[in-house]
Amino acid sequence: MMPEAVLTQAREEMLDWRGSGMSVMEMSHRGKEFMSIAGKAEEDLRELLAIPANYKVLFLQGGASAQFAMVPMNLLRGKGKADYVNTGQWSKKAIAEARRFCDVNVAATSEDGEFTSIPDQAGWRTDPDAAYLHYTPNETIGGVEFHWVPETGDVPLVADMSSTLLSRPLDVSRYGVIYAGAQKNIGPAGLTVVIVREDLMGEVLPGAPTLFDYQVLADSDSMYNTPPTYSWYLAGLVFEWLKQRGGLQAMAEINRRKAGKLYDLIDDSGFYHNPVDTESRSWMNVPFTLSDPGLDGVFLEEAKAAGLLTLKGHRSVGGMRASIYNAMPEEGVDALVSFMRDFEQRHG
Ligand SMILES: *Cc1c(COP(=O)(O)O)cnc(C)c1O
């Protein structure tokens with residue numbers, strides 16, 4: 001979802017952005033109008049996340065999937081190995097891509113338990129010479145989330161925050177690189193936000209494309225080539241909306257409550273089931289199954305008729321998944337909870 005207020009504002013500004021006589025889509029990315037939009041978006045994101053001055057913020061294309069390659073290309077810096085933590089489908093993709101560039105040490109995995117938990121850090125087998133440690137704070141498909149930050153000493157910590165960035169406050173200084181495809185919790189598809197500590201840039205893998213070099217991208221203010229201007233603009237409107245709502249502390253309270261309502265319903269019922277360890281459950285993605293999978297189709301049809309959309313689980317796991325990102329209002333979760341209660345009474 002996008003916040004409705006943001007879509008309304010975009011509609012109002014669609015043909016003529018603030019008296020400029022142009023739609024944002026028609027602006028030159030180097031013109032003063034778009035430069036002001038881009039600058040304001042970065043400023044607001046820095047404020048929301050309290051990003052320290054020694055970090056660059058990049059607004060890129062290619063999605064989180066391009067970062068699976070750009071992270072090793074930029075962070076290996078002469079080292080041939082990196083640590084990865086495997087907590088689900090997205091971790092696995094990041095690992096597979098990193099293997100094209102270096103030796104990957106899987107420091108911990110929850111694959112044995114079908115990715116329903118986060119491995120306790122006491123049991124991780126990390127390599128002190130690793131170029132960095134990569135993990136996925138929220139596994140979007142499995143609905144498994146770290147509610148703590150790994151401790152890696154001097155080894156830079158890298159996080160794929162595609163489905164959790166901006167859901168709550170964050171201590172950016174604990175990280176070397178944070179990246180997120182925008183389309184889950186930030187804005188529309190087509191934009192990728194990367195936050196990178198300055199001292200980690202400038203030693204890209206020989207032969208890497210220019211466009212994949214964090215240093216080049218930072219030096220050109222993410223405008224080495226034409227950036228995704230309209231997505232950047234919409235993300236900026238979302239940042240303003242988050243600030244108006246009280247920032248990330250306020251969002252965290254709402255998100256915790258929203259997720260809690262769904263998990264309470266699931267746990268109190270013998271009809272719905274969520275397989276994830278209680279302490280590692282995602283605030284953003286709540287997967288659940290029905291005790292009779294034969295009812296999945298009926299559930300989805302009736303949900304759709306009730307105005308509750310895109311509840312089908314990922315094709316790799318089946319069942320249902322409620323993605324309840326920032327833009328999902330609490331009333332949306334309330335509506336889902338009462339629909340699920342009613343469905344259970346009629347079919348359970
Ligand atoms: C969706 C998702 C991705 C893939 O993002 P793209 O922008 O489509 O490349 C990667 N990691 C996580 C955690 C995701 O949720």
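All ligand and atom numbering here is 1-based and tracks the order in the structure.
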Please tabulate protein-ligand N/O pairs under 3.5 Å for ligand 1, atom names and distances to 0.1 Å.
{"unit_1": "ligand 1", "atom_1": "7 (O)", "unit_2": "Ala64", "atom_2": "N", "d": "3.1"}
{"unit_1": "ligand 1", "atom_1": "7 (O)", "unit_2": "Gln183", "atom_2": "NE2", "d": "2.9"}
{"unit_1": "ligand 1", "atom_1": "8 (O)", "unit_2": "Gln183", "atom_2": "NE2", "d": "3.3"}
{"unit_1": "ligand 1", "atom_1": "9 (O)", "unit_2": "Ala64", "atom_2": "N", "d": "3.2"}
{"unit_1": "ligand 1", "atom_1": "9 (O)", "unit_2": "Ser65", "atom_2": "N", "d": "2.8"}
{"unit_1": "ligand 1", "atom_1": "9 (O)", "unit_2": "Ser65", "atom_2": "OG", "d": "2.6"}
{"unit_1": "ligand 1", "atom_1": "11 (N)", "unit_2": "Asp160", "atom_2": "OD2", "d": "2.6"}
{"unit_1": "ligand 1", "atom_1": "15 (O)", "unit_2": "Thr140", "atom_2": "OG1", "d": "2.4"}
{"unit_1": "ligand 1", "atom_1": "15 (O)", "unit_2": "Lys184", "atom_2": "NZ", "d": "2.6"}

Side chain to side chain donor-acceptor pair (under 3.5 Å) against Thr109, all qualifying residues, sequence neighbours excluded = Asn86
State which residues pass side chain to side chain donor-acceptor pair (under 3.5 Å) with Gln215; sequence neighbours excluded, sorted by chain then number.
-> Asp219
Can any side-chain N or O of Glu33 pair as donor or acceptor with the backbone N or O of Met27 at less than 3.5 Å?
-> no
Taking the six-membered ring for Trp, are Tyr179 and His134 parallel (under 30°), tilted (30 to 60°) or perpendicular (over 60°)?
-> tilted
Apart from Tyr325 itself, what residues make up its hydrophobic cluster, given side-chain heavy atom links below 4.5 Å?
-> Trp283, Met284
Looking at the rings of Tyr263 and Tyr272, which for Trp means the six-membered one, are their centres under 6.0 Å apart?
-> no
